[in-house]
Amino acid sequence: GLDNVQALAVCMALDAADPEYLGVAAAYMRALAPYASLPDIALSVDGTLDRLYEGCVIPLLEESHGKELVGGCAAALVQSCAGLTPPELRLLLSGRAQKPLSAG
């Protein structure tokens, strides 16, 4: 588990007061726990929510699901006014969408 130094590193992050940061950091650490040492993971999530997504979460998603799928989902979210509905997200994830949405 985390020792006091690693727990402090996560809690002292600039965005540690943001519940979203703590939730995303915890989910990221849980996802990587079988593959890396928890202290190393804890130290990698130190910082801001933006850096956590950019440096940790998005690379993990791209490695797990492919850059094209992650980029297509992100572009669809940016282009939508009200987010993606569950059926739209399932269609993107199924790979049956006509062509992955592009950013442009």
Side-chain angles (χ1 to χ4, degrees):
L2 290 177
D3 67 21
N4 290 340
V5 173
Q6 286 88 25
L8 187 61
V10 173
C11 291
M12 294 300 293
L14 293 174
D15 286 349
D18 183 343
E20 182 181 359
Y21 177 87
L22 293 176
V24 171
Y28 177 73
M29 289 188 290
R30 206 171 29 253
L32 286 186
Y35 311 107
S37 75
L38 206 47
D40 291 339
I41 298 167
L43 292 174
S44 73
V45 300
D46 170 20
T48 65
L49 186 58
D50 288 343
R51 285 199 316 240
L52 178 61
Y53 277 113
E54 184 181 316
C56 299
V57 175
I58 291 176
L60 177 64
L61 290 172
E62 289 175 343
E63 183 178 315
S64 298
H65 305 290
K67 285 187 176 197
E68 190 173 304
L69 177 66
V70 173
C73 288
L77 283 170
V78 168
Q79 293 172 9
S80 69
C81 294
L84 297 175
T85 65
E88 290 169 332
L89 188 54
R90 280 192 292 277
L91 180 64
L92 278 171
L93 294 175
S94 73
R96 291 192 312 259
Q98 293 289 349
K99 176 146 174 72
L101 299 174
S102 67

Quiz item: What are the two closest non-hydrogen atoms of Ala76 and Leu84, and how far apart are they?
Solution: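 That would be CB-CD2, 3.8 Å.
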Practice problem: Check Gly83 against Leu77 and note the closest heavy-atom contact, atom names and distance. | Solution: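 That closest heavy-atom pairing would be CA-CD2, 4.4 Å.
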Quiz item: Got a donor-acceptor contact below 3.5 angstrom from the Glu88 side chain to the Thr85 backbone?
Solution: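 Yes: the side chain of Glu88 pairs with the backbone of Thr85.
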Quiz prompt | Inter-residue atom distance Leu14.CG - Leu52.CG, 0.5 Å rounding | solution =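 The distance works out to 12.0 Å.
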Show the atom names and distances, to 0.1 Å, of all donor-acceptor pairs under 3.5 Å that link a side chain in residues 55-64 to residues at least two apart or in another chain.
from: Ser64; atom 1: OG; to: Leu60; atom 2: O; distance (Å): 3.0

